[in-house]
Amino acid sequence: MEINNPQTLAELTRQFGRYQQAIIDNDVAVLNELFWNSPHTLRYGTGENLYGHAEIAAFRGARDPNSVARVVGKTVITSYGLDAATTNIQFTRAGRTGRQSQAWIRMPEGWRIVAAHVSYMEE
C-alpha cells in the first residue's frame, strides 16, 4: 500500500480545505456534502454523539454560527492507498485547545468523511 500518493494527497487536501473553509463560513451545504450521506456515518463532538448523516445535518442546521470560529494549528493529512485517508488538526477556539480527527473514504461521488471526532484538551 502506498502512503501519501501525491495525487491522492493533493485531491484530499483540496477537499479538506473546502471543509475547513466551510467551517469558517458556516456553509452548512458544503459541510453536509462532505459527510457521507449514510446512516453509518458518525460524528462525536464536544458535547454530542451523532449517528448517521441525518443527525449530523440536523445538528449543523441548528448550531449557533457564532460558536464555530477557530484558529487551526498543526495539521496532519495522510492517505492510505488511493481511497482512504485521515485528517487531524489541533485548533484553538475561545481560548481552549481542541483537536479534530476525520476518516475520509473516496466514494463514487468523491471524498467523504465517514467518521469524525472533535474534543477539547483538559485545561
Side-chain angles (χ1 to χ4, degrees):
M1 172 186 321
E2 183 178 8
I3 303 299
N4 289 338
N5 170 280
Q7 181 177 342
T8 302
L9 195 58
E11 291 171 6
L12 180 63
T13 298
R14 279 192 299 277
Q15 292 305 311
F16 183 68
R18 285 184 67 219
Y19 179 86
Q20 291 302 96
Q21 190 60 50
I23 288 283
I24 292 167
D25 297 340
N26 195 41
D27 188 336
V28 174
V30 171
L31 295 171
N32 288 339
E33 170 198 335
L34 291 175
F35 271 81
W36 182 34
N37 191 353
S38 168
H40 301 292
T41 304
L42 65 89
R43 180 185 178 277
Y44 294 151
T46 59
E48 65 287 335
N49 294 329
L50 305 170
Y51 297 91
H53 189 273
E55 285 186 16
I56 296 167
F59 168 79
R60 294 264 189 229
R63 184 166 63 173
D64 176 5
N66 296 315
S67 69
V68 297
R70 63 186 182 179
V71 176
V72 174
K74 187 168 180 143
T75 301
V76 178
I77 300 173
T78 307
S79 65
Y80 307 88
L82 302 179
D83 301 316
T86 56
T87 59
N88 295 275
I89 65 168
Q90 292 180 353
F91 65 87
T92 304
R93 176 184 291 149
R96 296 183 71 192
T97 300
R99 53 214 157 172
Q100 169 190 291
S101 299
Q102 298 171 328
W104 292 70
I105 301 293
R106 185 195 311 268
M107 301 291 182
E109 62 274 19
W111 284 100
R112 296 296 182 263
I113 300 161
V114 297
H117 179 253
V118 181
S119 62
Y120 287 109
M121 297 182 68
E122 294 295 321
E123 299 299 321

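Quick note: numbers below take in every heavy atom, side chains included, and nothing from hydrogens, waters or symmetry partners. Quantities reported herein were computed from a predicted structural model and do not represent experimental measurements.
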Mind checking what makes salt bridge (charged side-chain N to carboxylate O under 4.0 Å, His left out) contact with E55, not counting sequence neighbours? none

By salt bridge (charged side-chain N to carboxylate O under 4.0 Å, His left out) - contacts of R14 (at least two apart): none

Check side chain to side chain contact (heavy atoms under 4.5 Å, CB included) between [X] and all other residues, then give those that pass, not counting sequence neighbours.
X    : result
E122 : none
V114 : W36, A103, I105, M107
Q21  : I24, D25

pair T87-V76: side-chain heavy atoms closer than 4.5 Å: no

Heavy-atom check, side chain of N32 versus side chain of H53, under 4.5 Å: yes

Heavy atoms only: give me the nearest A85-S79 pair and the separation to one decimal. CB-CA, 3.8 Å

Might you point out which heavy atoms bring P6 and E2 nearest each other, and give the distance in Å? CD-OE2, 4.0 Å

Cluster partners of [X], using ILVMFWY side-chain heavy atoms under 4.5 angstrom, listed by chain and number?
X   : value
L42 : Y44, Y51
Y80 : M1, I3
L50 : L9, L12, F16, Y19, I23, V30, L31, L34, F35, I56, F59, V72, I77, I89, F91, W104, W111, I113, V118, Y120

Tell me, please, which residues at least two apart from S101 pass side-chain hydrogen bond (donor to acceptor under 3.5 Å, both in side chains). N88

Apply side-chain hydrogen bond (donor to acceptor under 3.5 Å, both in side chains) to Q90 and list each qualifying residue two or more places apart in sequence or on a separate chain. none

Qualifying salt bridge (charged side-chain N to carboxylate O under 4.0 Å, His left out) pairs, either residue in residues 35-53, two or more places apart: R43-E48

By the salt bridge (charged side-chain N to carboxylate O under 4.0 Å, His left out) test, which pairs, at least two apart or in different chains, include something from residues 96-107? E11-R106, D83-R106, R96-E123

Verdict with supporting geometry, Q15 and Q20, side-chain contact (heavy atoms from CB on, under 4.5 Å): CA-CA 9 Å; Q15 292 305 311; Q20 291 302 96; over 6 Å; no

Under the side-chain contact (heavy atoms from CB on, under 4.5 Å) criterion, do E33 and E109 qualify, and how do the steps go? CA-CA 10 Å; E33 170 198 335; E109 62 274 19; over 6 Å; no

